Peer 1: 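Before I ask anything, let me first share the structure, which is written out below as structure tokens.
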Protein chains: 2
Amino acid sequence: MTTRPVPDATVTRLPLYLRVLVELADQGEATVSSDVLADAAGVSSANVRKDLSHLGSYGTRGIGYDVAHLIHEIRRSLGLTQHWSILIAGVGNLGQALARYKGFAERGFRVAALIDVDPAKVGTRIDGMEVRHLDELPKLVRAERVAIGVIATPATDAQDVADRMVQAGLRSILNFAPAMLTVPEGVTIRKVDLAIELQILSYYEKRDALRELKGSVGKPGGAIAGS
Amino acid sequence: MTTRPVPDATVTRLPLYLRVLVELADQGEATVSSDVLADAAGVSSANVRKDLSHLGSYGTRGIGYDVAHLIHEIRRSLGLTQHWSILIAGVGNLGQALARYKGFAERGFRVAALIDVDPAKVGTRIDGMEVRHLDELPKLVRAERVAIGVIATPATDAQDVADRMVQAGLRSILNFAPAMLTVPEGVTIRKVDLAIELQILSYYEKRDALRELKGSVGKPGGAIAGS
DNA sequence: CAATGTGAAGACCTTCACAGCC
DNA sequence: GGCTGTGAAGGTCTTCACATTG
């Protein structure tokens, strides 16, 4: 049995479905239709069906999808049957907030290590975890079996940290620093840039303000799914 | 002169170009080619040229783009010629980090108000700014001319806060809560879900681990642009 | 009958390739 | 010669619409 490749666009929505499904399961729902799931996730029902069809045929015509089963299949597909350990580099404002964020543990991600270069920070504890020096990164990755690196450093340090992470064997990096990172083939990077999100909103805010002024109608311009 | 509609995909990249261009300007570069800009932003040069062509013809054949002029045009297109005031709802871990984040001010976004419902937090100061009660939201939006609302509350409170923001006249919302929000037509929402980003990485991490195991080559699977 | 699964059509975006211009 | 701007081609994703099935 070969795992068919799941389209990237689908991969970004699976976690969304998963969250909705877990909520439904908590509410005691046994099955769910693509219509209901679509509404709750903010996409079209055809899109839901197409997405889920990439995982296999787990629905029942006339009934819908078995909630528990679908949760299992999505978890499996996303690789969430195992827990992952993450390492956070940079414990400034954002890094500290991430280190304390409870949402990670709830979804199976363990913050296994915190690192920084600032002597004033190294050795302190955040949420019970000691901040270690950047130089210990390789040792920590090995000892804690870290799989994902999170970069929350200033932009100027981001590339160096990324290089060290790759060097230490990490192949998945989540970058919060406002900098473009270069990594070798085979390393996956995702980035979240907070200021860029605001700049994108600025565009639509300005556009809508103009439209209102002119009284023109244009295209809907409704809610835009982020991320 | 009608402002031609800029494709959504282009809008998400303009802030990226802007950041690179500002760096180039700081380094004293007067002009830049689509090739150089593309490399620095991590996209193809054809993509850069197509994107910029949506703003107008600001390049010079044989030379490239004038850095200062392009910065100006992108700022104008994104609505960044004016400064925007934002309001942050929820001053837990993440909200506090956002409140203190210097990157916003650098790009023209002023944190104008902080609100929460927790009596232990209301009245305290974060980075010199007093935390106000949620009930004061409409007053604050008016007084501070807030244009963008940022939701950093627990998921359970997010929809209520969004409703109040819309009620108070906000039409642009950045949502960090892991919840799907419903808003009326004409309100733009972007969302950033930190745990979802990790789950997406998990998929590729698992896929690549499998590939390595099997020794198959498949498709490149290189760096994936986030956001 | 209700709801999935899916070809086909359509929308959107990216890449190609080169004419046009400095 | 170098680099932009852009039609055309190619790819990916979404929506449509309906045959299929429990």
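Note that the coordinates shown come from a computational prediction; the quantities given were computed from them, not determined experimentally. Throughout, protein chains are lettered first and strands after them, A, B, ... in sequence-line order, and every chain is numbered starting at 1.
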Peer 1: Which of the following nucleotides, dC13(D), dT15(C), dT15(D), is nearest to the side chain of Ala46(A)?
Peer 2: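 In terms of side-chain proximity for Ala46(A), the closest of dC13(D), dT15(C), dT15(D) is dT15(D).
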Peer 1: Verify the contact: side-chain N or O of Arg13(A) to OP1 or OP2 of dT14(D), cut-off strictly under 4.0 Å; return yes or no.
Peer 2: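 True: Arg13(A) side-chain N/O within range (under 4.0 Å) of dT14(D) OP1/OP2.
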Peer 1: Please name all residues satisfying side-chain hydrogen bond (donor to acceptor under 3.5 Å, both in side chains) with Ser34(A), sequence neighbours left out, ordered by chain then number.
Peer 2: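 With neighbours one apart ignored, the set is Arg49(A).
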Peer 1: For Asp51(A) and dC13(D), what is the distance between atoms CG and P respectively, to the nearest whole Å?
Peer 2: 10 Å
Peer 1: Under the side-chain hydrogen bond (donor to acceptor under 3.5 Å, both in side chains) rule, collect the residues that match up with Asp39(B), sequence neighbours excluded.
Peer 2: none
Peer 1: Starting at atom OH of Tyr58(B), determine the distance to atom P of dC21(C), rounded to an integer number of angstrom.
Peer 2: 19 Å
Peer 1: Provide, to the nearest angstrom, the distance between the NE2 atom belonging to His54(A) and the P atom belonging to dG5(C).
Peer 2: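 For the pair His54(A) NE2 and dG5(C) P, the rounded distance is 12 Å.
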Peer 1: Check this for me: Arg13(A), atom CZ, are more than 12 non-hydrogen atoms of other residues, nucleotides or ligands nearer than 6.0 Å?
Peer 2: yes
Peer 1: Kindly state which residues belonging to residues 18-26 of chain A come within less than 4.0 angstrom of DNA chain C, counting heavy atoms of the residue only, listed by number.
Peer 2: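 Result for residues 18-26 of chain A: none.
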Peer 1: To the nearest Å, how far apart are Lys50(A) NZ and dG10(C) C1'?
Peer 2: 13 Å
Peer 1: Between the protein and nucleotides 20-22 of chain D, are there any N/O to N/O pairs under 3.5 Å, and if so, what are the atom names and distances?
Peer 2:
| unit_1 | atom_1 | unit_2 | atom_2 | d |
| --- | --- | --- | --- | --- |
| dT20(D) | O2 | Arg61(A) | NH1 | 2.5 |

Peer 1: In whole angstroms, how far is the P atom of dT4(C) from the CG atom of Asp66(A)?
Peer 2: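 After rounding, the gap between these two atoms is 13 Å.
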Peer 1: Can you check whether Ser44(A) has a side-chain N or O nearer than 4.0 Å to OP1 or OP2 of dT15(D)?
Peer 2: yes
Peer 1: Could you list the residues that satisfy side-chain hydrogen bond (donor to acceptor under 3.5 Å, both in side chains) with Glu205(B), not counting sequence neighbours?
Peer 2: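 Applying side-chain hydrogen bond (donor to acceptor under 3.5 Å, both in side chains) to Glu205(B) gives Arg171(A), Ser172(A).
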Peer 1: Does dT4(C) have its OP1 or OP2 closer than 4.0 Å to a side-chain nitrogen or oxygen of Ser34(A)?
Peer 2: yes
Peer 1: Extract all donor-acceptor atom pairs below 3.5 Å that involve side chains of residues 97-111 of chain B and protein atoms in other chains or at least two apart in sequence.
Peer 2:
| unit_1 | atom_1 | unit_2 | atom_2 | d |
| --- | --- | --- | --- | --- |
| Arg100(B) | NH2 | Gln96(B) | OE1 | 2.9 |
| Lys102(B) | NZ | Arg100(B) | O | 3.2 |
| Lys102(B) | NZ | Asp127(B) | OD2 | 2.9 |
| Arg110(B) | NE | Ser85(B) | OG | 3.3 |
| Arg110(B) | NH2 | Ser85(B) | OG | 3.1 |
| Arg110(B) | NH2 | Glu144(B) | OE1 | 3.1 |

Peer 1: Listed by chain and number, what are the side-chain hydrogen bond (donor to acceptor under 3.5 Å, both in side chains) partners of Arg164(B), not counting sequence neighbours?
Peer 2: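 If we apply the side-chain hydrogen bond (donor to acceptor under 3.5 Å, both in side chains) test to Arg164(B), skipping adjacent residues, the hits are Asp135(B), Asp160(B).
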Peer 1: Go nucleotide by nucleotide along DNA chain C from the 5' end; which of Tyr65(A) and Ala9(B) gets its closest nucleotide reached first?
Peer 2: Tyr65(A)
Peer 1: To the nearest angstrom, how far is Asn47(B) atom CG from dG11(D) atom C1'?
Peer 2: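 So the two atoms are 13 Å apart, to the nearest Å.
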Peer 1: Side chains of residues 59-69 of chain A: which donor-acceptor partners sit under 3.5 Å, not counting sequence neighbours?
Peer 2:
| unit_1 | atom_1 | unit_2 | atom_2 | d |
| --- | --- | --- | --- | --- |
| Asp66(A) | OD1 | Ala68(A) | N | 3.3 |
| Asp66(A) | OD1 | His69(A) | N | 2.9 |
| His69(A) | NE2 | Glu73(A) | OE2 | 3.2 |

Peer 1: Would you tell me whether Asp163(A) and Gln167(A) have side-chain atoms, one donor and one acceptor, within less than 3.5 Å of each other?
Peer 2: no
Peer 1: Of the listed nucleotides (dG5(D), dA8(C), dT15(C)), which one gets closest to any side-chain atom of Ser57(B)?
Peer 2: dG5(D)
Peer 1: Between C1' on dA17(D) and CG on Asp35(A), what's the gap in Å once rounded to a whole number?
Peer 2: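 Value for this atom pair: 15 Å.
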Peer 1: Using a 3.5 Å cut-off and no angle test, enumerate the donor-acceptor pairs between side-chain atoms of residues 16-28 of chain A and protein atoms at least two apart in sequence or in another chain.
Peer 2:
| unit_1 | atom_1 | unit_2 | atom_2 | d |
| --- | --- | --- | --- | --- |
| Tyr17(A) | OH | Asp51(A) | OD2 | 2.5 |
| Arg19(A) | NE | Pro178(B) | O | 3.3 |
| Arg19(A) | NH1 | Asp193(B) | OD2 | 2.5 |

Peer 1: Provide, to the nearest angstrom, the distance between the CZ atom belonging to Arg49(B) and the P atom belonging to dC21(C).
Peer 2: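 The distance from CZ of Arg49(B) to P of dC21(C) comes to 16 Å, rounded to the nearest Å.
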